[in-house]
Amino acid sequence: MRISDRLRYEFLRENLIRLKANIDKIQETIASGRRLLRPKDSPVDFSISVELENDLRKKESYERTLERLGMLGNYYDSSISKIHDLLLRAKEIAIQQGSDTSDRSSRLSASEEIKGIIEQLVSIGNTNLSGIYIFSGKNLLTTPFVLNEDYSVTYNGTMGVFKVKIDDDTEIDLTMSGFSIFLEGVDLFSVLKNFKEALEKGNSEEIRASIGPIDQALEKIETYLSKAGNYSSRIERAKEILESRKTETLEVLSNIRDADLTRAISDFQIMTLTYQSLLYSMAKMENLNILNYLR
Amino acid sequence: MSISSILNIAKNALIASQTSLQITAHNISNVTTEGYSKQIPVYEPQPAVRLGNAVLGTGVFIKGVLRYVDSCLEKQLAEKRSELEESRIQEAFMARIENLINDENSNLSGAITEFFTSWQELSLNPYGITEREGVRISGENLARTVRNLYGNLRRMQLELNDRLRIEISEVNRIIKEIAELNRRIFEGSSGGSGFSDLMDKRQNLLRKLSGKLSITYFEDSFGMITVLTKGGSPLVDGGRFYELEMGEPNEMGLSGVCWVSSSNTRTDITSSLGGGSLLGIIKLRDETLEGILSDVDLLAKSIIEEVNSLHLTGLSLNGKTNLPFFKVSGKDYANDMDLSPDIKSDLRNIASIALSEDGEEINLASKISSLLSKKVLDEGRSSFVEYVANLNGKLGQLSRHSKEVLEFNESTYSIAERQREGVSGVSIDEEVTNLIRYQYAYQAAARLFTVADDLLRSIIEAVR
């Protein structure tokens with residue numbers, strides 16, 4: 001086939017352009033360290049990487065949730081511990097004052113202490129964390145426990161609590177129910193109120209009879225103490241699982257996204273070599289011209 | 001045999017060589033001209049003369065200039081040009097569309113995720129104001145991202161519309177020139193070198209025209225070219241030409257392509273363009289972009305409807321119910337996506353709690369944030385983010401495909417060009433060799449003069 005001069009140069013020019021474009025692309029890959037520069041480079045991988053990136057963001061959101069719930073869990077832990085300690089003290093008093101050796105005045109001062117315990121319990125029940133009452137059930141903005149003049153306590157919260165997600169398929173309680181802890185089954189406040197009244201009356205038998213209910217209250221609180229402990233460890237476990245899932249996702253994502261630098265560099269070297277060879281051959285062809293050989 | 005006839009022969013030979021040298025020089029000077037066809041002189045012996053019983057030749061003359069062209073190859077090249085230009089414009093715009101969807105600043109999938117995770121934050125503190133602020137901000141961001149994307153895509157459609165207009169006026173310009181050349185070729189004397197150049201010019205224009213739309217053409221007995229569209233409408237007929245026009249714009253402001261007849265009636269030829277950049281533009285505008293626009297609109301519609309249907313059941317902090325979160329519009333979901341006026345005016349109207357059928361309070365914010373994982377689209381197969389990821393993937397495929405088609409067309413066009421150049425192209429080596437050849441011929445003819453001159457002189461001196 002005849003090769004015209006124009007054709008020859010066109011051919012060389014096209015190849016130069018093509019090679020240069022490829023070299024530029026590899027340089028970009030090396031500079032950014034990422035393989036997936038544009039969706040057209042690998043549509044399926046790009047689409048997967050979009051999903052994975054957003055999955056990571058979602059996991060980070062659940063992480064924040066777990067952090068928050070973990071903090072709540074700690075508050076519940078310490079609050080219920082305090083309740084437990086207060087009830088233990090009440091039991092101590094009951095045993096002391098129930099004996100026939102105690103007198104009217106010590107019983108009266110004991111009843112003052114019981115009043116104090118009731119007040120502290122109310123205060124614990126009204127714990128507020130960042131604007132929400134943690135024992136109020138669903139009425140997060142309402143003060144749950146109101147101490148009345150006669151030392152009875154009115155509850156303004158709800159029985160149930162809200163549920164939140166800690167991952168796509170798992171819901172847990174947002175808060176622990178103040179109703180369940182303080183009132184359900186054994187009503188801590190009425191137990192203590194009755195105890196206080198028994199102390200005020202000074203009736204030894206009645207005082208001794210308070211020990212039973214206080215024991216029941218202690219038993220209940222101990223159950224809740226372990227529930228709080230379980231809650232905290234459940235949160236911890238969920239955090240660990242989430243962390244490991246995040247790591248997996250990151251690994252897959254980096255496999256897809258990150259460039260194999262060794263490969264990229266060797267490709268780069270091959271291409272620049274080809275480019276150089278092309279330039280060299282062009283220069284050589286330059287001299288092969290009949291005009292150089294005529295006179 | 002007279003000496004004067006020898007002189008005559010010498011003179012003709014000289015002229016022939018001179019002309020050939022000129023043609024060769026013309027070839028050499030046009031070595032880089034695109035679409036130039038090599039020209040060669042056609043020699044023919046002068047008519048013979050009888051001298052008694054002998055028939056003697058009387059020299060040579062240049063009958064004409066032959067243009068080295070293969071009209072089959074030219075037609076092939078023109079056809080390939082249609083395909084090439086169609087794929088070229090598609091590739092250019094697909095790259096831009098891809099950039100639009102994947103712009104860092106308009107991260108659609110990120111905005112969706114952020115919106116629904118802001119509801120998750122609210123679910124942890126259902127009465128919170130700060131968390132509501134977060135929902136509002138991310139909601140506005142999502143709406144804005146969708147609106148911008150949709151707007152940019154529509155603007156690209158309009159840009160393509162303008163481009164169509166420009167291409168059509170290019171077409172009209174080319175058609176006019178071809179008709180003009182037809183006239184000149186018809187009127188001018190045939191066979192000259194300048195005439196060849198006109199034909200080259202006309203062929204170049206034909207090639208350019210077929211880059212715009214698919215054409216068929218043929219030469220008539222007068223040497224004029226008739227050009228028709230694929231659908232059969234004439235564009236050039238001898239010295240007459242028929243123009244194209246933009247059609248009536250539709251409600252989006254987009255027009256098709258019309259052909260204008262001699263009686264000024266307009267025929268829509270959009271569906272019979274056959275190829276070329278015009279078709280490329282139409283396909284991009286009316287198929288590719290339109291498809292993406294409706295995908296984005298569907299996404300917006302789904303998000304709006306899913307969120308609203310839950311939010312309507314909720315109780316705002318003001319105790320109101322039945323409030324939509326997103327503005328409800330009839331159609332144009334993506335174009336008009338925005339928060340509802342209730343939400344915009346009062347943050348406390350964002351509902352995070354709802355009543356179940358048994359009158360129980362439920363965590364609505366948690367339910368709304370769960371929409372992120374819900375398989376809403378693609379007949380229950382894709383979540384919102386998956387839909388966007390698929391859209392990205394689809395676009396990536398289209399983009400890659402258009403690049404591959406372009407590369408394929410570029411190389412087949414190259415091959416066709418090479419074939420054409422093989423026939424019509426100028427090779428310097430060849431021309432220089434011809435130069436030498438004609439130069440010797442010229443020198444030999446000049447020598448003839450000298451010889452004839454000597455002969456004459458000897459005769460004149462003989463009779464002194």
Side-chain angles (χ1 to χ4, degrees), chain A residues 1-11 14 18 36 38-58 60-62 64-65 68-69 72 130-132 137-142 158 160-165 167-169 171 174 288-291 293-294, chain B residues 31-34 36 38 94-95 98-99 101-102 109-110 112-114 116-117 120-121 123-128 353 360-363 366 369-370 372-373 385-386 388-390 392-400 403 410 414 417-419 421-430 432-433 436:
Chain A
M1 190 178 89
R2 276 184 72 239
I3 303 285
S4 70
D5 289 85
R6 196 175 86 82
L7 198 63
R8 207 172 59 191
Y9 282 107
E10 270 307 303
F11 184 72
E14 274 166 25
R18 189 178 53 84
L36 275 189
R38 276 168 281 278
K40 72 163 167 264
D41 296 326
S42 172
V44 174
D45 282 349
F46 189 87
S47 142
I48 291 176
S49 79
V50 168
E51 280 178 42
L52 290 177
E53 272 173 17
N54 282 293
D55 191 59
L56 264 178
R57 288 200 192 97
K58 195 167 64 166
E60 280 158 15
S61 160
Y62 283 131
R64 289 195 291 276
T65 301
R68 169 90 187 205
L69 292 177
L72 261 179
S130 327
I132 66 170
K138 289 180 184 172
N139 289 350
L140 298 168
L141 295 182
T142 317
T158 63
V161 295
F162 283 125
K163 288 199 178 297
V164 293
K165 291 193 335 258
D167 77 33
D168 285 351
D169 315 304
E171 273 192 321
L174 174 61
L288 290 174
N289 199 321
I290 193 172
L291 294 168
Y293 293 95
L294 288 174
Chain B
V31 69
T32 54
T33 309
E34 195 186 327
Y36 180 78
K38 188 173 91 136
M94 274 317 301
E98 226 192 338
N99 283 339
I101 308 272
N102 297 303
S109 61
I112 291 174
T113 305
E114 211 188 295
F116 287 108
T117 53
Q120 169 74 358
E121 303 288 336
S123 79
L124 297 177
N125 188 7
Y127 293 103
I353 296 178
E360 279 288 309
E361 277 179 321
I362 56 169
N363 195 336
S366 187
S369 87
S370 295
L372 184 59
S373 326
V385 168
E386 282 165 355
V388 174
N390 285 342
N392 277 335
K394 208 162 60 171
L395 279 173
Q397 289 278 33
L398 280 175
S399 187
R400 190 186 209 182
K403 185 154 177 257
E410 271 175 346
S414 253
E417 250 192 332
R418 227 156 280 164
Q419 284 178 325
E421 281 290 308
V423 170
S424 313
V426 173
S427 160
I428 293 284
D429 295 345
E430 230 178 65
V432 169
T433 317
I436 297 171

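Residue numbers start from 1 in every chain, and the chains themselves are labelled A, B, ... in the order their sequence lines are given, proteins ahead of strands.
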*Engaged part of Q120(B) at the chain A interface, taking heavy atoms whose separation is under 4.5 Å*: side chain
_What part of E53(A) gets within 4.5 angstrom of chain B, counting heavy atoms only: side chain, backbone, both, or neither?_
neither
*asked:* Less than 4.5 Å to any heavy atom of chain A: does that hold for the side chain of E410(B), its backbone, both, or neither?
replied: neither
*Part of L140(A) lying under 4.5 Å from any heavy atom of chain B*: both
*asked:* Could you check whether any side-chain heavy atom of N392(B) comes within less than 4.5 Å of a side-chain heavy atom of P43(A), counting everything from C-beta outward?
replied: no
*Where on I428(B) is there a heavy atom nearer than 4.5 Å to chain A: the side chain, the backbone, both, or neither?*
both
*If we ignore angles and hydrogens, is there a donor and acceptor under 3.5 Å between the side chains of S123(B) and K165(A)?*
no
*Tell me, for V423(B) versus chain A, whether the close heavy atoms (under 4.5 Å) come from the side chain, the backbone, both or neither.*
backbone
*Side-chain H-bond candidate by donor/acceptor type, D168(A) with S373(B), under 3.5 Å*: yes
_Side-chain donor/acceptor of N54(A) to backbone N/O of V385(B), under 3.5 Å_ = no
*For V426(B), is it the side chain, the backbone, both or neither that has a heavy atom under 4.5 Å from a heavy atom of chain A?*
backbone
_So for E114(B), is it side chain, backbone, both, or neither that comes closer than 4.5 Å to the heavy atoms of chain A?_
neither
*asked:* Return the NZ to CD distance between K138(A) and E360(B), rounded to the nearest 0.5 Å.
replied: 4.0 Å
_Assess, by modelled atom type and distance only, whether the side chains of E14(A) and S414(B) contain a donor and an acceptor separated by less than 3.5 Å._
yes
_Among L372(B), T113(B), T117(B), the one residue meeting side-chain contact (heavy atoms from CB on, under 4.5 Å) with S61(A)_ = T117(B)
_A quick test of your reading: do over 12 heavy atoms of other residues, nucleotides or ligands sit less than 6.0 Å from NZ of K163(A)?_
yes
